[in-house]
Amino acid sequence: MVITKSRLVLGATAVTLSTIAVTSLGIHSRGQALFKASPKELVDEVWQIVQRQYVDGTFNQVDWQAVRKEYLSKSYSNPQEAYKSIREMLKKLEDPYTRFMDPAEFKNMQVDTSGELTGIGITISQDEKTKQLVVIAPIEDTPAFKAGVLAKDIILKIDGKNTKGMDTNQAVSLIRGEAGSKVSLTIQRNGQTKQFDIKRARIEIHPVKFSQKKTPAGNLGYIRLNQFSANAGKEMQTAIKDLESKRVAGYILDLRGNPGGLLFSSVDIARMWLNKGTIVSTIDRQGEREREVANGRALTNKPLVILVDKGSASASEILSGALQDNKRATLVGTQTFGKGLVQSVRPLEDGSGLAVTIAKYHTPNDRDINKHGIDPDVKVDLTDAQRQDLWLNERDKLATLKDPQFAKAVDVIGKKIAAQGAATAEK
């Protein structure tokens with residue numbers, strides 16, 4: 001997410017974070033201004049933003065001018081009627097990430113710099129083809145995570161209500177609730193149906209965890225990054241500096257199950273590992289590019305391996321793609337989720353909000369990873385049963401040599417450390 005003069009820009013998954021009830025980034029809605037827009041003015045305001053900013057200049061082959069005429073010809077007696085029309089209007093774009101949020105939904109979407117969340121701890125998306133709700137990833141150590149919800153699970157029902165065609169806003173309102181209350185999710189996984197009864201909770205998230213690991217490859221720094229929140233960069237900097245003081249020989253950065261978050265956070269963290277080169281390019285509908293580049297202030301140049309899986313999405317893919325393309329890191333694990341779109345989030349006159357897809361992003365080597373993801377350099381597959389055992393039932397094995405992906409990362413980094421040592425000796 002990048003804060004600009006008048007709006008927020010998010011990586012694709014960030015717009016679904018209201019499933020974990022994120023609040024307040026200090027964006028003050030213009031609904032607190034001296035006047036409030038009439039319902040019809042609100043409809044037109046949304047239309048105008050899409051007209052100016054939407055990434056696809058054909059508006060998905062929709063006659064957008066005719067849409068304006070259709071919806072402004074209606075009479076609106078209250079905001080709720082306008083909200084309904086706006087949602088109908090946006091649905092014509094067939095883009096699950098371009099969405100309207102009423103004032104309550106918008107408040108719940110905004111990012112809380114304290115890192116405290118209320119809910120069950122999942123990020124979700126709507127599959128563009130099937131229109132089914134899909135779990136991007138559960139956030140580590142949250143109720144959904146502990147219950148056994150996995151990335152790529154399809155949510156069939158919420159408290160018995162069928163979700164086919166349901167947008168993320170509606171799903172969010174059903175999933176959220178008072179801390180201590182329960183929500184029932186019916187999940188489809190590999191053709192099998194499972195039910196999870198999950199108790200909602202108040203969740204405090206620290207995005208970075210780190211430790212030294214004594215391994216056959218030597219003394220390694222292990223850093224687990226759970227999400228790209230507003231304080232992730234600061235915590236990452238602390239972790240790297242602490243591990244550098246302990247003279248680790250190399251690093252393993254664990255992005256498994258990280259659903260993404262703030263775009264600027266991924267760029268900041270990339271700069272901690274990368275001295276020079278492009279990090280990411282965002283491309284708007286005119287084909288104009290904005291590039292984020294390294295600034296020569298990397299905190300370490302020691303060998304780096306990144307662990308990824310199908311729950312690594314959005315900002316995780318920006319970071320891993322940047323370091324892979326610049327040959328700064330080797331990626332170990334499985335193919336990532338595949339979210340390569342950027343949304344702008346705008347407050348509207350009455351306190352509601354609009355997320356609109358304004359750009360796509362490419363990796364430094366100009367790869368468009370949307371719907372495909374990033375392929376690891378070294379593939380290490382885990383079955384769903386293995387993943388559930390590792391992340392839930394036998395957590396003491398995680399990030400040890402009994403963790404197959406971590407073990408391979410140790411093997412890979414051991415060779416990198418040896419090669420770097422040999423190169424140094426030759427100089």
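Hydrogens, waters and symmetry mates are skipped; everything else that's a heavy atom, side chains included, is used.
Salt-bridge formation is not detected for the pair Asp167/Arg99: no Lys NZ or Arg NE/NH1/NH2 atom is positioned less than 4.0 Å from an Asp or Glu carboxylate oxygen.
Thr168 and Gln126 are not linked by any side-chain donor-acceptor pair at a separation below 3.5 angstrom, with hydrogens and angles left out of the test. Side-chain contact annotation: Ser312 with Glu317, donor-acceptor N/O pair under 3.5 Å absent. For the residue pair Thr193 and Gln188, no side-chain donor N or O sits within less than 3.5 Å of a side-chain acceptor on the partner. Judged purely by distance below 3.5 Å, without hydrogens or angles, the side chains of Thr334 and Asp381 never pair a donor atom with an acceptor atom. At a cut-off of 3.5 Å, with distance as the only test, a side-chain donor of His372 or Asp375 sits close to an acceptor on the other residue. Of the N and O atoms on the side chains of Arg367 and Gln324, at least one donor lies less than 3.5 Å from an acceptor on the other residue. Between the side chains of Ser85 and Glu81, not a single donor N or O lies within less than 3.5 Å of an accepting N or O. Checked by atom type, the side-chain pair Glu290/Tyr361 shows no donor-acceptor distance below 3.5 Å. Side chains of Thr330 and Lys416: a donor-acceptor N/O pair is present below 3.5 angstrom, by distance only.
With sequence neighbours excluded, no residue forms a salt bridge (charged side-chain N to carboxylate O under 4.0 Å, His left out) with Asp95.
Among pairs with a residue in residues 274-287, those fulfilling side-chain hydrogen bond (donor to acceptor under 3.5 Å, both in side chains) read Thr278-Arg291, at least two apart in sequence or across chains. Among pairs with a residue in residues 134-153, those fulfilling side-chain hydrogen bond (donor to acceptor under 3.5 Å, both in side chains) read Glu140-Arg224, Glu140-Arg395, Asp141-Lys209, Asp141-Arg395, Asp153-Arg189, at least two apart in sequence or across chains.
Within a 6.0 Å radius of CZ in Arg297, no more than 12 heavy atoms belonging to other residues, nucleotides or ligands are found. Remark: Lys131 NZ is packed, more than 12 non-hydrogen atoms of other residues, nucleotides or ligands lying under 6.0 Å away. Counting heavy atoms of neighbouring residues, nucleotides and ligands inside a 6.0 Å radius, atom CD of Gln195 exceeds 12 of them.
The two residues Val208 and Ala232 make their nearest non-hydrogen contact at CG2-O, 3.9 Å.
No donor-acceptor distance shorter than 3.5 angstrom exists from the side chain of Asn162 to the backbone of Lys157, with no hydrogens or angles considered. Under a 3.5 Å cut-off, the side chain of Arg271 and the backbone N or O of Leu299 do not form any donor-acceptor pair.
Counting only heavy atoms from C-beta outward, the side chains of Leu185 and Ile198 approach each other to under 4.5 Å.
Cation-pi contact between Lys40 and Tyr76: absent, since separation from the ring centre below 6.0 Å together with deviation from the ring axis within 45° is not met. For the pair Arg328 and Trp273, the cation-pi criterion (under 6.0 Å, within 45° of the ring axis) is not fulfilled.
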